[in-house]
Amino acid sequence: MNEFHGVSVMMGAVTETDSLRETVLRVLDVCDHRDLTEIIIGYSQHVTTESLAVVKELAAMECDVPIVTFMQKRRGISGLVDMIDVARGSHCLLVASDLAQDLSSIALMIESAKKDGSVIASSSRWMKGCSFYGYGKAKKLLNFAGQLFLRLLFGSRLTDFTNPVQIAPTELYQAIAFENEGFPILIEMVLKPLRLGYRFKEIPTNCYPRTQGKSNNSFRQTAAYFTTALHIRFMRKKDILKPDSALYRRMFGDKQI
């Protein structure tokens with residue numbers, strides 16, 4: 001189950017231009033194209049004219065890896081669910097289009113998924129040897145405290161719970177009942193599989209300040225990460241999945257959990 005047959009790499013576009021183009025080119029450069037089912041670019045209803053021009057340029061680019069582009073139906077960051085819905089790879093990988101992470105880790109995550117597709121290969125900014133570039137001391141300390149809180153809350157040895165750059169089975173993502181429209185949806189991508197008992201393998205990565213575009217995250221959205229985490233920790237496991245999904249039926253059947 002969950003054997004790796006190819007990954008759908010997903011990224012969004014709102015205001016990004018050069019960084020979006022470079023993200024696609026870097027993914028194509030660091031990965032074996034035989035491992036890439038497709039690159040999906042979902043663009044917001046509020047995409048800028050400049051960003052949309054780059055999306056169209058990438059869609060028209062000659063490439064042996066299909067580049068799929070479309071306007072998202074859902075609002076804001078929750079548009080990533082639209083990308084999950086159309087993904088054709090056995091696995092999915094969300095990457096930021098602002099070059100905020102070392103994309104060389106993608107190839108290592110793919111190799112991990114090829115060895116065992118049922119294990120989620122996730123990137124961690126807190127593993128030994130990793131660095132946060134352009135992070136203020138206060139922001140880094142807050143991130144560290146948040147990771148410690150989540151480690152205790154979930155009884156897990158993961159070092160990075162708030163970074164959704166990970167390769168997970170598409171079937172899992174498509175079965176999850178995502179609840180948030182804002183940035184806390186990103187922590188759902190990590191914590192809901194964790195609660196369901198999926199195993200994780202962390203891959204080290206460096207973190208960089210965004211080079212282009214403006215983040216729509218906020219302190220209020222960041223605080224909502226922790227209320228979302230508490231909600232997920234104490235919700236019934238069966239409520240994590242859509243009841244009409246095949247994964248739900250295999251995991252729970254008619255059991256009340």
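Predicted model, so just to flag it, every value in this text is computed and none were measured.
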**Q** Taking Thr227 for the side chain and Ala224 for the main chain, is one N or O donor matched with an acceptor at less than 3.5 Å?
**A** yes
**Q** So, taking the atom named CG in Asn163 and the one named CD in Glu202, what distance separates them when rounded to the nearest 0.5 Å?
**A** 9.5 Å
**Q** Please determine whether a side-chain nitrogen of the Lys or Arg among Arg26 and Asp29 lies less than 4.0 Å from a carboxylate oxygen of the Asp or Glu.
**A** no
**Q** Step by step, would you call Arg195 with Ser156 a side-chain hydrogen bond (donor to acceptor under 3.5 Å, both in side chains)?
**A** CA-CA 10 Å; Arg195 277 279 283 137; Ser156 171; over 6 Å; no
**Q** For residues Val95 and Met11, report the shortest heavy-atom separation together with the two atoms involved.
**A** O-CB, 3.4 Å
**Q** Please say yes or no: joined through hydrophobic side-chain contacts below 4.5 Å, possibly via intermediate residues, are Val165 and Val30 part of one cluster?
**A** no
**Q** Would you say that more than 12 heavy atoms from the other residues, nucleotides or ligands in this model lie under 6.0 Å from the CZ of Phe149, or not?
**A** yes
**Q** Determine whether the side chains of Gln101 and Asn206 contain a donor N or O and an acceptor N or O closer than 3.5 Å.
**A** no
**Q** Indicate whether any N or O donor in one side chain lies under 3.5 Å from an N or O acceptor in the other, for Trp126 and Asn143.
**A** yes
**Q** Are Asn180 and Leu186 close enough that some pair of their side-chain heavy atoms sits under 4.5 Å apart?
**A** no
**Q** Any sub-3.5 Å donor-acceptor pair from His91's side-chain atoms to Ser8's backbone N or O?
**A** no
**Q** Say you draw a straight line from CZ of Phe183 to CD1 of Ile187; how long is it, rounded to the nearest 0.5 Å?
**A** 13.5 Å
**Q** Just how far is it from atom OG1 of Thr17 to atom CD of Glu57, taken to the nearest 0.5 Å?
**A** 10.0 Å
**Q** Tell me yes or no: between the side chains of Gln147 and Thr159, is some donor less than 3.5 Å from an acceptor?
**A** no
**Q** Is there a side-chain contact between Tyr43 and Gln72 in this structure, where contact means two heavy atoms from C-beta onward sitting under 4.5 Å apart?
**A** no
**Q** Treating Ile, Leu, Val, Met, Phe, Trp and Tyr as nodes and any side-chain heavy-atom pair under 4.5 angstrom as an edge, say whether Phe234 and Phe226 lie in one connected cluster.
**A** yes
**Q** Please test Ser112 against Ile167 for side chain to side chain contact (heavy atoms under 4.5 Å, CB included), starting from the C-alpha separation and ending with a verdict.
**A** CA-CA 9 Å; Ser112 176; Ile167 292 182; over 6 Å; no
**Q** Donor-acceptor pair, distance only, cut-off 3.5 Å: does the side chain of Asp82 make one with the backbone of Lys73?
**A** yes
**Q** With heavy-atom distances below 4.5 Å as the criterion, would you say the side chains of Thr23 and Asp98 are in contact?
**A** no
**Q** Working note: Leu196 + Leu172, criterion side chain to side chain contact (heavy atoms under 4.5 Å, CB included); need CA distance, chi angles, decisive distance, verdict.
**A** CA-CA 10 Å; Leu196 289 172; Leu172 168 63; 4.0 Å; yes
**Q** Quick one: do Glu3 and Lys114 make a salt bridge, cutoff under 4.0 Å?
**A** no
**Q** I'd like to know if the side chain of Ser105 and the backbone of Pro204 have a donor-acceptor N/O pair within less than 3.5 Å.
**A** no
**Q** Please report the closest heavy-atom contact between Phe161 and Leu191, naming both atoms and the distance.
**A** CD2-CD2, 3.8 Å
**Q** For a quick test of reading the model, state the closest non-hydrogen atom pair linking Val9 to Leu36 and the distance between them.
**A** CG2-CD2, 3.9 Å
**Q** Under 3.5 Å, side chain of Thr69 to main-chain N/O of Val55, donor-acceptor pair present?
**A** no
**Q** What verdict does the side chain to side chain contact (heavy atoms under 4.5 Å, CB included) test give for Arg250 and Glu171, after you've listed the backbone C-alpha separation in whole Å, the side-chain angles of each residue and the deciding distance to 0.1 Å?
**A** CA-CA 12 Å; Arg250 286 206 310 274; Glu171 179 190 43; 2.9 Å; yes
**Q** Following the transitive rule for hydrophobic clusters with a side-chain heavy-atom cut-off under 4.5 Å over Ile, Leu, Val, Met, Phe, Trp and Tyr, establish whether Leu241 and Met235 coincide in one cluster.
**A** yes
**Q** Give me the atom names and distance for the closest heavy-atom approach of Glu188 to Ala177.
**A** OE1-O, 3.9 Å
**Q** We want to know whether Lys242 and Tyr248 form a side-chain donor-acceptor pair, criterion being a heavy-atom distance below 3.5 angstrom.
**A** no
**Q** Any Lys/Arg nitrogen of Asp116 or Arg199 sitting under 4.0 Å from an Asp/Glu carboxylate oxygen of the other?
**A** yes
**Q** Is there side-chain contact between Leu108 and Ser123, with at least one heavy-atom pair below 4.5 Å?
**A** no
**Q** Should Glu38 and Arg88 be marked as a salt bridge (Lys or Arg N to Asp or Glu O under 4.0 Å) after you check the CA-CA gap, both sets of side-chain angles, and the distance that decides it?
**A** CA-CA 8 Å; Glu38 62 198 346; Arg88 297 181 297 110; 3.1 Å; yes
**Q** List the atom of Asp244, the atom of Arg249, and the distance in Å for their closest heavy-atom pair.
**A** O-NH1, 3.0 Å
**Q** Classify the ring geometry of Phe178 against Tyr173: parallel below 30°, tilted from 30° to 60°, perpendicular beyond 60°.
**A** tilted
**Q** Is any side-chain heavy atom of Gln45 less than 4.5 Å from a side-chain heavy atom of Arg75?
**A** no
**Q** Check whether any side-chain heavy atom of Ile84 sits under 4.5 Å from a side-chain heavy atom of Leu94, and report yes or no.
**A** no
**Q** Should Met109 and Val119 be regarded as members of a common hydrophobic cluster, given that ILVMFWY residues are connected when their side-chain heavy atoms come within less than 4.5 Å of each other, either directly or indirectly?
**A** no
**Q** Atom CG of Leu25 and atom CD of Glu22: how far apart are they, to the nearest 0.5 Å?
**A** 7.5 Å
**Q** Calculate, to the nearest 0.5 Å, the distance between atoms CD1 and CD belonging to Ile67 and Glu62 respectively.
**A** 11.0 Å
**Q** Check step by step if salt bridge (Lys or Arg N to Asp or Glu O under 4.0 Å) holds for Asp160 and Arg125.
**A** CA-CA 7 Å; Asp160 200 340; Arg125 302 160 293 180; 2.7 Å; yes
**Q** Give, for atom CG of Leu80 and atom SG of Cys92, the distance between the pair rounded to the nearest 0.5 Å.
**A** 10.0 Å
**Q** Any side-chain heavy atom of Leu153 within less than 4.5 Å of one from Leu230?
**A** yes
**Q** Ion pair present between Arg74 and Glu181, side-chain N to carboxylate O less than 4.0 angstrom?
**A** no
**Q** For Ile41 and Phe70, what are the C-alpha separation, side-chain angles and deciding distance, and is it a side chain to side chain contact (heavy atoms under 4.5 Å, CB included)?
**A** CA-CA 7 Å; Ile41 305 174; Phe70 67 95; over 6 Å; no
**Q** Taking Leu20's backbone N and O only, do any of them form a donor-acceptor pair with Ser97's side chain (distance below 3.5 Å, no angle check)?
**A** no
**Q** Check the hydrophobic clustering (I, L, V, M, F, W, Y; side-chain heavy atoms under 4.5 Å; chains of links allowed) and say if Ile77 and Val86 are grouped together.
**A** yes
**Q** Is there a side-chain contact between Asp35 and Cys31, using heavy atoms and a 4.5 Å cut-off?
**A** no
**Q** Looking only at heavy atoms, what is the nearest atom pair of Val190 and Phe200, with distance?
**A** O-CZ, 3.5 Å
